[in-house]
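This report refers to the structure that appears directly beneath it.
Everything quoted here is computed from the prediction, not taken from an experiment.
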Amino acid sequence: MPTASPARRTIAVMLLIPAVAALALWAFAWPAARTAPHDLPIGIAGPAAAAAPLEERFEQRQGAFEVHRYDDEAAAREAIEDRAVYGAVAVTPTGPKVLTASAASPVVAQLLKESVAAGAPGGTRVAVEDVVATPAADPRGSALVSSVLPLTLAGVTAGAMVTGFGLRGARSALALTGAAVLVGVIATALTHSWLGVLAGNWWAEAGAFTLATLGVGATVAGLAALLGPPGFGLGALLIVLLGNSFSGVATAPELLPEPAGLIGQWLPPGAGGSLLRSVAYFDGRGAGAAALTLSLWAALGLTAVLVGGRRRTAAPALAATRTVEPATAG
């Protein structure tokens with residue numbers, strides 16, 4: 001295959017780098033500039049007659065909130081703990097009571113408090129209770145947010161290393177899985193045992209870290225096994241640029257412009273952040289969709305690694321057979 005001339009390579013660099021920069025700026029700046037609630041699930045609790053005006057006020061912002069009705073405060077609390085809603089407003093004899101879950105999203109918790117306070121009559125006392133709070137060692141939940149990018153980089157690095165080291169087939173799959181398991185154990189030891197910023201079951205958190213890392217690593221390695229170097233670039237682009245910027249882990253998927261939040265939950269970084277949040281703060285409630293998404297990425301990636309390894313192994317053998325056949329015939 002002819003090599004591109006120096007002039008063409010120079011032009012390629014001059015054009016591709018600005019294109020990548022533009023894509024990165026779009027992927028990260030667009031969601032940040034358009035942050036607003038989109039069908040954000042919240043609850044309204046209390047007698048129908050008393051709760052109706054409050055419910056109408058939220059529904060006036062068409063498309064912003066997805067309002068769920070609950071008979072009483074206890075039902076709303078249960079919905080928050082099950083991750084069915086981000087928070088709720090309970091109508092009480094003394095005024096509205098805001099039930100938040102900073103562990104689900106500190107940004108949404110603040111948004112809900114401000115929305116209720118802004119709509120309350122002057123002088124009305126708005127009580128606030130954090131039903132599911134983050135640990136005292138990480139009151140803003142920033143440690144969980146900060147953990148997603150290292151997991152993504154660890155997965156991409158694992159995919160790059162097994163590709164660069166020439167590991168194929170079962171050896172590549174074993175290396176990816178082993179690396180992900182060790183990442184899970186080490187990450188949990190750091191965040192849970194040492195820093196105390198995660199408060200769930202230790203092994204469940206380790207499993208979430210492992211599955212998130214494996215989902216990324218297997219995807220990158222699988223694309224590289226099937227497509228060669230372009231596959232690695234495609235995997236890195238998909239995971240690092242779109243996956244991280246659309247993950248919604250710093251705010252909430254429902255605060256991102258549509259359909260960025262939905263796409264982000266279909267990609268490993270977003271699913272990994274949601275899974276880790278569920279097992280770290282909510283005893284695994286609401287973890288099913290994220291766990292399934294990551295499992296599918298990991299399974300498809302490992303399958304691609306195995307298939308790609310067989311194809312590359314079979315190709316030299318077939319070429320050698322074709323070389324021997326004419327020599328034998330002669």
Arg77 and Glu81: salt bridge (Lys or Arg N to Asp or Glu O under 4.0 Å), yes or no, with the steps? CA-CA 6 Å; Arg77 286 173 176 274; Glu81 292 169 351; 5.7 Å; no

Mind checking the [atom1]-[atom2] spacing from [X] to [Y]? Nearest 0.5 Å is all I need.
X	Y	atom1	atom2	result
Leu198	Ser147	CG	OG	7.0 Å
Leu302	Leu214	CG	CG	5.0 Å
Leu234	Leu238	CG	CG	6.0 Å
Leu99	Ile80	CG	CD1	5.0 Å

Using only atom types and a distance under 3.5 Å, with no angle test, would you say the side chain of [X] pairs donor to acceptor with the backbone of [Y]?
X	Y	answer
Glu205	Gly200	yes
Ser142	Asp138	no
Glu55	Arg69	no
Thr188	Ala206	yes
Arg140	Pro106	no
Arg83	Gly286	no
Ser245	Ala27	yes
Arg168	Leu306	no
Ser105	Thr251	yes
Thr35	Ala32	yes

What pair of heavy atoms forms the shortest contact from [X] to [Y], and how long is it?
X	Y	result
Ala136	Pro139	O-CD, 3.4 Å
Ala287	Leu275	CB-CD1, 3.6 Å
Val126	Ala117	CG2-CA, 4.3 Å
Ser247	Pro253	O-CG, 4.3 Å
Phe232	Ala160	CE1-CB, 3.4 Å

[X] atom [atom1], over 12 foreign heavy atoms within 6.0 Å:
X	atom1	result
Glu59	CD	yes
Phe28	CZ	yes
Glu129	CD	yes

Evaluate the side-chain hydrogen bond (donor to acceptor under 3.5 Å, both in side chains) criterion for residues Glu254 and Tyr86: first the C-alpha distance (whole Å), next the side-chain angles of each, then the deciding distance (0.1 Å), finally the verdict. CA-CA 10 Å; Glu254 293 84 359; Tyr86 279 92; 2.6 Å; yes

Could you check whether any side-chain heavy atom of Ser115 comes within less than 4.5 Å of a side-chain heavy atom of Phe58, counting everything from C-beta outward? yes

Does one hydrophobic cluster hold both [X] and [Y], with members joined at side-chain heavy-atom distances below 4.5 Å?
X	Y	value
Phe282	Val197	yes
Ile42	Val108	yes
Val249	Leu294	yes
Leu16	Leu237	no
Leu242	Leu25	no

Under the side-chain contact (heavy atoms from CB on, under 4.5 Å) test, which residues partner Glu258, sequence neighbours left out? His38, Asp39

For Thr100, what residues pass the side-chain contact (heavy atoms from CB on, under 4.5 Å) criterion, not counting sequence neighbours? Val98, Ala109, Lys113, Val128, Asp130

Carefully, step by step, assess Phe209 and Trp202 under the rule ring pair (Phe, Tyr, Trp, His ring centres under 6.0 Å). CA-CA 11 Å; Phe209 279 122; Trp202 200 97; 9.5 Å; no

Could you name each residue pair satisfying side-chain hydrogen bond (donor to acceptor under 3.5 Å, both in side chains) that touches residues 285-298, not counting sequence neighbours? Asp82-Arg285

